[in-house]
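Have a look at the structure below, then the notes.
In the text below, chain A, chain B and the rest are named by the order of the sequence lines, each starting its count at 1. In this text, all values refer to a predicted model and were calculated from it rather than measured experimentally.
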Amino acid sequence: MRNCMSDTKVMNIAKKRGFLWSSFEIYSGSAGFFDYGPLGATLKNNIISKWRKYYVVGEGFYEIESPTIMPEEALKASGHVDHFTDPMTECKDCLEVFRADHVIEDVIDDDVEGLENQKLTEIISENQIGCPKCGGHLTHVWSYNLMFQTMIGAKGKATGYMRPETAQGIFIPFKRLLRFFRGKLPFGVVQIGKAYRNEISPRQGIIRLREFTQAEAEIFVDPVDKDHPKFATVANDELNLLSSDAQLNKEDPKMVTAKNAVETGLVSSEVLAYQLCIAGRFLADLGIPIEVIRFRQHLPTEMAHYAIDCWDVEVLTDRFGWIEIIGIADRTDFDLKSHAKYSNEDLSVFIEYDEPKKINKLVVKPDMKKFGPLFKADAPKVIKALEDLDASKVQKAFDNDETYNIELEDKTVEISSDVVSFNEQEEMIRGEKVVPHVIEPSFGIDRIIYSVLLHSYTEDDEREFLKLEKQIAPIGVNVFPLVNKDKLAERAHEIREELRNQGIIAEYDGSGTIGRRYARSDEIGVPFAVTVDHETLENNTVTIRNRDNLEQVRIPIQEVYNVLLDLLTGKMEFESLQQ
RNA sequence: GCGGUUGUAGUCUAGUCUGGUUAGGACUUGGGCCUUCCAAGCCUACGACCCGGGUUCAAAUCCCGGCAGCCGCACCA
């Protein structure tokens with residue numbers, strides 16, 4: 001049993017003060033669903049806008065929004081309909097449920113991954129495999145698909161699913177996106193939104209939800225050019241890397257610079273390493289301390305078969321241990337190729353060479369005078385077919401004194417050497433079509449929010465409070481009258497109004513004593529408090545109190561608005577006010 | 001999904017075994033008094049037996065089912 005004091009305390013505050021609570025409470029609730037309350041929704045918005053600042057503004061990726069319900073074909077192509085499932089079997093005697101493939105592999109020592117359920121059922125009966133627990137009989141194998149199924153249209157003829165990830169919504173309109181980016185790699189597209197997975201038994205609070213928010217970026221790159229033009233700007237960032245080798249050898253993670261990681265081949269490319277760094281900077285900016293972050297490389301066995309390299313960004317928690325909050329993968333051309341195949345669309349990019357390549361090519365030319373009479377109405381088709389042919393093959397046939405057969409749609413025609421001529425031709429090749437590789441940083445926003453709350457929780461002798469980073473704190477400033485008389489409350493209300501006019505989320509609190517108000521304010525992580533006291537009435541000054549160290553400075557009211565704006569946006573540090 | 005266990009105001013809890021008055025307390029919250037800087041004090045108010053069914057004259061209490069939480073197992077492309 002872990003010590004989960006922080007988890008318990010943070011979740012209590014979250015529930016009590018309106019960050020998070022489980023959904024549908026008055027109807028007994030439903031596992032795997034959470035509401036974001038007033039402060040939680042604001043915090044979430046602030047974190048998402050910070051994310052946009054990094055990825056949309058900073059990296060120049062554009063954001064799109066696609067439907068959360070997807071037709072079956074699309075998810076068939078992505079592999080989710082067939083493979084986002086587990087083959088399950090149940091013991092008829094003790095009612096335990098097992099992964100069918102695991103049960104089989106334990107007994108027959110053979111890889112059965114990817115086999116049909118029927119085949120798995122057969123293997124079980126042929127090998128007389130029994131329940132691993134009690135030896136009883138196992139039922140036929142069925143697939144448990146983690147997607148929520150629904151119907152599209154009134155008659156329910158078309159099956160739809162709630163999307164299990166936002167990524168597919170970016171791959172599917174790839175041609176449109178490529179055109180938007182005027183045909184050039186690399187480019188990045190992001191999507192922020194809900195995704196759905198019908199987890200068998202979600203029991204870890206906000207860590208495993210059935211409906212959750214993802215922020216994903218899909219970065220399309222040239223497969224042969226995975227350098228990053230801005231790599232120099234992150235090259236010296238230190239990353240706490242736990243490689244797959246280190247895991248296998250039971251070693252600890254190591255602090256490594258991004259530059260070093262790429263040079264030693266620890267991380268497979270600059271683009272991937274660059275994304276690890278950006279993710280690291282983002283988390284640091286949310287106030288998650290570097291000591292509780294590590295980058296864990298997927299083991300070869302856990303990585304999807306199409307991925308080249310994949311790193312999870314993990315955060316240490318007292319209740320769950322290390323949890324994955326971000327996955328950053330090089331998914332290669334898997335997704336685009338798969339959609340290309342299922343949709344019969346060309347999802348490739350024409351990449352122009354720096355210099356066009358000259359090649360000498362043998363071409364075969366028809367002798368038109370002979371072709372017309374010989375093939376009559378088929379002549380144009382034969383000529384077209386001839387153009388698409390590899391001329392050297394035709395020549396080879398003739399060298400062997402044979403004729404060459406051309407397959408038309410409905411017949412085969414014979415070409416002999418006297419109806420064509422050969423020609424060496426110089427051709428310019430300007431480039432080639434390639435299917436881009438995809439670098440995918442995928443963020444679990446709900447888990448990030450949990451991490452932010454957990455690691456902003458601070459307690460000392462006197463206080464328990466959230467040390468939320470000031471740019472993401474839901475409420476920017478609280479305004480208090482020192483006591484409730486002599487018009488102090490009135491002045492405090494005026495200041496609160498003016499702060500709101502400045503675009504700062506500000507609240508007023510006049511109940512209880514000043515100490516209680518500070519305590520309430522700290523508990524929800526309000527970075528600054530403005531207090532109106534009797535000196536305010538004499539000289540129009542107020543105090544600003546810094547949540548983190550309880551210190552106060554006195555400044556004129558007319559300056560308070562700009563000062564707070566500068567403090568909240570990080571343009572000014574509180575310490576500089578104290579001089 | 002299986003087994004165990006728990007479910008009383010926003011929170012913690014008494015009462016449940018042994019059915020019986022108006023479900024008691026503390027903290028929190030709202031209002032008021034007081035209060036010249038970090039949850040003080042006083043007055044006052046709001047607020048609960050997880051949901052559904054059964055047994056009974058009578059159910060927070062006993063029984064059954066559901067839902068949710070916790071623990072263990074399983075699961076987590």
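- Shown here, A48(B) forms no base pair; nothing in the strands shown gives a Watson-Crick or G-U wobble contact with both key distances under 3.5 Å.
- Computed from coordinates, the Q168(A) CD to A77(B) C1' distance equals 12 Å when rounded to whole Å.
- When the P atom is used for both C43(B) and U6(B), the distance is 39 Å, rounded to whole Å.
- One interatomic measurement links the two molecules: CD1 of I26(A) to C1' of G10(B), which rounds to 16 Å at whole-angstrom precision.
- Heavy atoms of other residues, nucleotides or ligands lying less than 6.0 angstrom from CD of E126(A) number more than 12.
- With a 3.5 Å ceiling on both atom-pair distances, A60(B) lacks any Watson-Crick or G-U wobble partner.
- With a cut-off of 3.5 Å on both pairing distances, C17(B) has no Watson-Crick or G-U wobble partner at all.
- Of the side-chain N and O atoms in R319(A), one or more sit less than 4.0 angstrom from OP1 or OP2 of C70(B).
- To the nearest angstrom, C1' of A77(B) lies 12 Å from CD1 of I200(A).
- N145(A) places a side-chain N or O within donor-acceptor distance of the main-chain N or O of V81(A), the cut-off being under 3.5 Å.
- For H80(A) and G205(A), each mapped to the nucleotide of RNA chain B holding its nearest heavy atom, the one lying further toward the 5' end belongs to G205(A).
- Considering only side-chain atoms of R520(A), the nucleotide from G66(B), G3(B), G30(B) that sits closest is G30(B).
- Look at CE on M11(A): it is 14 Å from C1' on C70(B), rounded to the nearest Å.
- Both tests hold for R463(A) against F465(A): distance to the six-membered ring centre under 6.0 Å, angle to the ring axis within 45°.
- Atom name C1', nucleotides A9(B) and G24(B): the rounded distance is 13 Å, in whole Å.
- Counted within 6.0 Å of CD on E65(A), heavy atoms from surrounding residues, nucleotides or ligands total 12 or fewer; the atom is thus considered open.
- With a cut-off of 3.5 Å on both Watson-Crick or G-U wobble distances, the partner of U35(B) is given as none.
- For the pair I207(A) CD1 and C70(B) P, the interatomic distance rounds to 12 Å; values are reported in whole Å.
- Taking only distance into account, the side chain of R17(A) never meets the base of G10(B) through a donor-acceptor pair shorter than 3.5 Å.
- Whole-Å rounding puts the Q204(A) CD to G69(B) P distance at 12 Å.
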Under 3.5 Å between N/O atoms: give me all the protein pairs with nucleotides 33-38 of chain B, atom names plus distance.
unit_1 : atom_1 : unit_2  : atom_2 : d
U35(B) : O4     : N484(A) : N      : 3.0
U36(B) : N3     : H534(A) : ND1    : 3.3
C37(B) : O2     : Y518(A) : OH     : 2.6
C37(B) : O2     : Q552(A) : OE1    : 3.4
C37(B) : O2     : Q552(A) : NE2    : 3.3
C37(B) : N3     : Y518(A) : OH     : 3.4
C37(B) : N3     : Q552(A) : NE2    : 3.1
C37(B) : N4     : D533(A) : OD2    : 2.9
C37(B) : N4     : T543(A) : OG1    : 3.4
C38(B) : O2     : R545(A) : NH2    : 3.1
C38(B) : N3     : R545(A) : NE     : 2.8
C38(B) : N3     : R545(A) : NH2    : 3.4
C38(B) : N4     : R545(A) : NE     : 3.3
C38(B) : N4     : L550(A) : O      : 2.9

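- Under the Watson-Crick or G-U wobble criterion, with both distances below 3.5 Å, U55(B) is left unpaired in every strand shown.
- Between the C1' atoms of G47(B) and U8(B), the separation comes to 12 Å (whole Å).
- Taking a 6.0 Å sphere around CD of Q578(A), one finds it holds more than 12 heavy atoms contributed by other residues, nucleotides or ligands.
- Comparing R210(A) and E25(A) by the nucleotide of RNA chain B whose heavy atom lies nearest to each, the residue mapping closer to the 5' end is E25(A).
- Remark: R545(A) qualifies as a cation-pi partner of Y518(A) under the 6.0 Å distance and 45° angle criteria applied to the six-membered ring.
- Both cation-pi conditions hold for R294(A) and W322(A): the charged atom is under 6.0 angstrom from the six-membered ring centre and inside a 45 degree cone around its axis.
- C73(B) and A59(B) have their C1' atoms separated by 36 Å, with the value rounded to a whole Å.
- Among the heavy atoms of the strands, none lies under 4.0 Å from T85(A).
- Distance check on atom C1': U16(B) versus C63(B) gives 14 Å, rounded to whole Å.
- If you take CD1 of I13(A) and C1' of A39(B), they are 13 Å apart, rounded to a whole angstrom.
- For N12(A) and U28(B), the CG to C1' distance is 13 Å, given to the nearest whole Å.
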Full working for ring-ring contact (aromatic ring centres under 6.0 Å, His included) between F34(A) and F212(A):
CA-CA 9 Å; F34(A) 268 78; F212(A) 57 101; over 10 Å; no
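- The gap from the C1' atom of C62(B) to that of C17(B) amounts to 11 Å, rounded to the nearest Å.
- Of the nucleotides present, G4(B) is the one that pairs with C70(B) by Watson-Crick or G-U wobble criteria, both distances under 3.5 Å.
- For U61(B) and G19(B), the C1' atoms lie 6 Å apart once the distance is rounded to whole Å.
- S521(A) places no side-chain N or O within 3.5 Å of a backbone atom of R517(A) that could act as its donor or acceptor partner.
- Rounded to whole Å, the separation between the P atoms of G66(B) and G25(B) comes to 37 Å.
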